Structure formats: structure tokens, C-alpha cells
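Some notes on the structure that comes next.
Just so you know, ligand 1 is whichever comes first in the structure, and atom 1 is the first atom listed for that ligand. Remember, predicted model here, so these are calculated numbers, not experimental data. Note: hydrogens, waters and symmetry copies are ignored here, and every other heavy atom, side chains too, is used.
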Amino acid sequence: MHAWPASEVPALPGKGRDLRIHDTATGGPLTLDPGPVARIYVCGITPYDATHMGHAATYNAFDLVQRVWLDTKRQVHYVQNVTDVDDPLLERANRDGQDWTELAERETSLFREDMTALRMLPPQHYIGAVEAIPGIVPLVERLRDAGAAYELDGDIYFSVESDPHFGGVSHLDAEAMRLLSAERGGDPERPGKKNPLDPMLWMAAREGEPRWDGRSLGPGRPGWHIECVAIALDHLGMGFDVQGGGSDLAFPHHEMGASHAHALTGEHPYAKAYVHAGMVALHGEKMSKSKGNLVFVSALRRQGVDPAAIRLTLLAHHYRSDWEWTDAVLDEAVERLARWRAAVSRPDGPPADALVEEVRAALADDLDAPAALRAVDRWAALQERGGGTDEGAPGVVSRTVDALLGVAL
Ligand code: 5CA
Ligand code: ZN
């Protein structure tokens, strides 16, 4: 699949800082030490509805990770998937009497437009589940042949007990895992499974559903977790730097993904850090396509809201916190954007060198974007009071905000 166009990232004076970030697996901060090419996999959308603010907030977090890396003069190898065949997509297409491939294509196109408008850096490899199927089938066969997977009425399940590291991403107890598994696409109640948590790797063809050639597995379609593993191993290999997604993916998705990869390769870890963004809520509940309590990026854009203001709203919240979308948080961002734009519209202003370092330090410290915004606010306030005459300082501020925060002033 094609991704979306990249906005240019200006180079900044001085030296970028290494990123210290919260890792779900170790439960603590980790200073990442990627090589000259940092490798990141971020779980993409299931395209059955438009991009909402929760998605945008999560992709914003991982966009910041890349911007910090780029500032250290590293290259970034970024991979993202599209879950363009899965139960919720097929259910929505059925409900609305539309073709599931058309639904997926339409929503993926809209996602690309939203990401472009928000200046999110595109992945180098943007891969759909459907196009990954020829690579998924041999992995499932290998897991089965190695005894890490078994058949149940034609479906193939992964055996969580085959991975000694299972549980090492989310560290949940069995009961919590069971509840989350039932809530998030698993089937712990199905009789005949070796362990109720075992996730499906390959689902035998069901009446009226799309199916693909599964070679020795028979016709069917892939499970959710193996899709991301196949794509990540193909394009990044084991031991990549960051596996990213919202906190709702820590279990079962990233836990199972890690286990699949361990069982396949005999290596550990799958990812060096598992990084999770908090959940954005609307009216007190997590924004979710299944509940329908959504604020869409595209709807705001149509109403004429500047995408830079949407992005500033996301940046005003720490990526790890759960927060509530309200009109007031957007209004604040609109007002902040106007203040910043006025402040950089003059040819001179207060010195900006310290600001570059403050923004760098804030982001390097577990992506503290709110602290970065406060630093720019302070510079803009000085400017408003006529606090300096440094030639070119406003340009440096503009480039810093663009390069590190993805906001074009
Ligand atoms: N296709 C799978 C991942 S392989 C999936 O979870 N798709 S999704 O469309 O449901 O979500 C896309 C990304 O947005 C995921 O990282 C998910 O964790 C994140 N996300 C979903 N809802 C929210 C929310 N309310 N707040 C923050 N992030 C969210
Ligand atoms: Zn995923």
C-alpha cells in the first residue's frame, strides 16, 4: 500500500538528545539506544470508520518519537499496518450493506488525508493485512509444525504456553488477561482450547466471508496478532527499537505478538521497548468506533478547524495520560496557535537558543510535549512584551516547533 506524503523536517542547530521513554514491559523508563537506523513498528488502524482523536493522539506520540530520533541525526525505519480484514470491518460492511474492500479503501484514504493534514511522518512501509497474507501462511505453518500451535475444528490456535516469556509485556494476572481477551477480539470461552487465552492464528473459511489460500492450513483468513508480527519481522526483524500503539493494545495484541515472534525465532526480545499511549475519551468514555462516541479529524477539518490547532490539542496532553476531548481544549489550542503565529511573524525577538534546548529536553524526557509547549509559551510571552531583538530568533522558533512538534506556524 502507499502511505502519504512526508512534510519536510527542518534541521536544527546543535545536537539532539537520546530518548528516555516509559516501557510497559519493564514498567519503567528506558533510555533507548538505537543504532544509526532506529526501527519502529506502530499498529495501524482497522479501517471501518474515520480517524478519531484517540487514533490521532496515539499517532502523534509515535510521530514525536521519530522527530526526537531524526533530531539526533539518525535515520528512522518506520513500519505501520492496516488491519484491512478483520471481524469488526466485516461486521460493519455487512451492517451497512457495503463491500468490505471498498469500506476499507475509503477509510484508509481518509486516514492518509488526516495524517497528511496533521503533519504526521509517513511510514516507509505501509502494509495491509491482505497483502501480508502470503507471508503469514508460512509463519502459521511453522508454528504448527514446531508444536507451538494446534488445530481446533479447522481453526489454528497459538499455544501461549509455548513461550516462556508469555506475560512479560503486560504483566497481568490470569483473570485480567481472560477479561481483556474476551473484550478485545479473543474467545476464552470457546471449548476445546488448550488455554482459554490462546489466540487464533488462522481462521478456517466461514460461510459468506472472504477467504485466502492457506496452503496446508486450508482456505481461511489470518488472526490479528500474527498479521502484525509477519509485517514487523519482514520489514524490521527481531529486536527492533519500539513497538507502539494505544494502551488498549498492550494486552492481548502486543503480548501475543511478542509470544508469536519468540516462538517463531527462538529469540528474545521481539521489541526493545513496548510503548503505549493513553486513551482519549469523549463524554467520560474511551472514544471508540464500537461505541460511536467520536470526534473525527476529518469532520473538524471540514468545519474549518486548522489541523495545526488539532495537533496542538494533542500535544497539550502527555501521551501516557488518559484525557477527555472537549471543545474547551480545542479552543485553548486555537488561541495558543494564534499567539505563537503572531510571535514568530516578526523578524526579530528574544534569543531562541535556550528554547531549542528546552524543547529537546522536554521531549527526550518521556515525550513531555506539554512541557515543550510551556517553553514555547514563555518565549511567545517574552516576544509579546517586546523582550528581545535577536535577528532570526522567530525563524529558529518556527523551525523548532516544526521539526520537533510537527506544527507549522
Ligand atoms: N488495527 C489495530 C491495531 S493492529 C487497531 O487497534 N486499530 S484501531 O483502529 O482500533 O486503533 C488504531 C490505533 O489507535 C491503536 O494504536 C489504538 O490503540 C489507538 N486507539 C484506539 N482508540 C483510541 C483512543 N480512544 N485513544 C487513544 N488511542 C486509541
Ligand atoms: Zn497491530
Side-chain angles (χ1 to χ4, degrees), residues 1 24 40-63 65 79-92 103-104 107-108 110-111 114-115 118 120 123 125-130 132 136 169-170 180 183-186 199 222-233 235-236 240 242-261 270-271 274-297 313-314 317-325:
M1 270 193 191
T24 304
I40 179 167
Y41 185 93
V42 181
C43 281
I45 53 162
T46 306
Y48 68 89
D49 214 336
T51 320
H52 61 63
M53 289 309 156
H55 302 137
T58 288
Y59 295 113
N60 178 57
F62 298 101
D63 190 70
V65 169
V79 180
Q80 189 182 126
N81 69 303
V82 186
T83 309
D84 58 358
V85 61
D86 202 5
D87 297 342
L89 174 73
L90 298 175
E91 281 160 19
R92 175 65 60 94
L103 173 62
E107 297 304 347
T108 305
L110 191 57
F111 177 73
D114 289 337
M115 292 296 107
L118 293 172
M120 304 285 180
H125 298 279
Y126 191 46
I127 313 285
V130 170
I136 295 172
V169 174
S170 61
L180 287 176
E183 220 174 86
R184 300 175 180 166
W224 174 29
H225 319 303
I226 192 70
E227 163 207 342
C228 281
V229 173
I231 297 170
L233 291 182
H235 294 282
L236 297 173
F240 58 91
V242 167
Q243 160 73 77
S247 58
D248 57 341
L249 296 189
F251 192 89
H253 189 49
H254 293 164
E255 187 75 65
M256 296 301 177
S259 276
H260 292 355
Y270 174 50
Y274 296 85
V275 178
H276 294 111
M279 290 291 114
V280 181
L282 181 72
H283 306 139
E285 267 200 282
K286 173 194 160 186
M287 238 183 234
S288 83
K289 288 177 282 207
S290 48
K291 290 199 201 95
N293 56 336
L294 305 167
V295 176
F296 294 120
V297 175
T313 312
L314 308 174
H317 300 85
H318 192 272
Y319 83 97
R320 276 207 287 140
S321 57
D322 295 332
W323 55 282
E324 172 99 12
W325 180 273

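Here Cys228 contributes atom SG and Ile127 contributes atom CD1; the two are 11.5 Å apart, rounded to the nearest 0.5 Å. From Thr108, atom OG1 reaches atom CD1 of Ile45 across 5.0 Å, with rounding to the nearest 0.5 Å.
With hydrogens and angles ignored, the 3.5 Å screen pairs no side-chain donor or acceptor of Gln80 with any backbone N or O of Pro123.
With sequence neighbours left out, Glu285 forms a salt bridge (Lys or Arg N to Asp or Glu O under 4.0 Å) with Lys291. Applying the ring pair (Phe, Tyr, Trp, His ring centres under 6.0 Å) rule to His55 yields the partners His52; only residues at least two apart in sequence or on another chain are considered.
For the Zn ion (ligand 2), the neighbouring protein N/O/S atoms at less than 2.8 Å, given as residue and atom, are Cys43 SG, Cys228 SG, His253 NE2.
The closest side-chain heavy-atom distance from Leu314 to Trp323 is below 4.5 Å. Contact annotation: the side chain of Val82 never approaches that of Phe111 to less than 4.5 Å [non-hydrogen atoms, C-beta and beyond]. Annotation: side chain of Val275 is in contact with side chain of Phe62 (closest heavy-atom distance under 4.5 Å).
Ring geometry for Tyr41 versus Phe240: interplanar angle of 30 to 60°, hence tilted.
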May I have every N or O pair linking ligand 1 to the protein at under 3.5 Å, one per line with atom names and distance?
from: ligand 1; atom 1: 1 (N); to: Gly44; atom 2: O; distance (Å): 2.8
from: ligand 1; atom 1: 1 (N); to: Thr46; atom 2: OG1; distance (Å): 2.8
from: ligand 1; atom 1: 1 (N); to: Thr83; atom 2: OG1; distance (Å): 2.7
from: ligand 1; atom 1: 7 (N); to: Gly44; atom 2: O; distance (Å): 3.3
from: ligand 1; atom 1: 7 (N); to: Thr46; atom 2: N; distance (Å): 3.3
from: ligand 1; atom 1: 7 (N); to: Thr46; atom 2: OG1; distance (Å): 3.2
from: ligand 1; atom 1: 9 (O); to: Thr46; atom 2: N; distance (Å): 3.1
from: ligand 1; atom 1: 9 (O); to: His55; atom 2: NE2; distance (Å): 3.4
from: ligand 1; atom 1: 9 (O); to: Lys289; atom 2: NZ; distance (Å): 2.6
from: ligand 1; atom 1: 16 (O); to: Gly246; atom 2: N; distance (Å): 3.1
from: ligand 1; atom 1: 18 (O); to: Gly246; atom 2: N; distance (Å): 2.9
from: ligand 1; atom 1: 18 (O); to: Asp248; atom 2: OD1; distance (Å): 2.5
from: ligand 1; atom 1: 25 (N); to: Val280; atom 2: O; distance (Å): 3.0
from: ligand 1; atom 1: 25 (N); to: Met287; atom 2: O; distance (Å): 2.9
from: ligand 1; atom 1: 26 (N); to: Val280; atom 2: N; distance (Å): 2.9
from: ligand 1; atom 1: 28 (N); to: Gly54; atom 2: O; distance (Å): 3.0
from: ligand 1; atom 1: 28 (N); to: Thr58; atom 2: OG1; distance (Å): 2.8

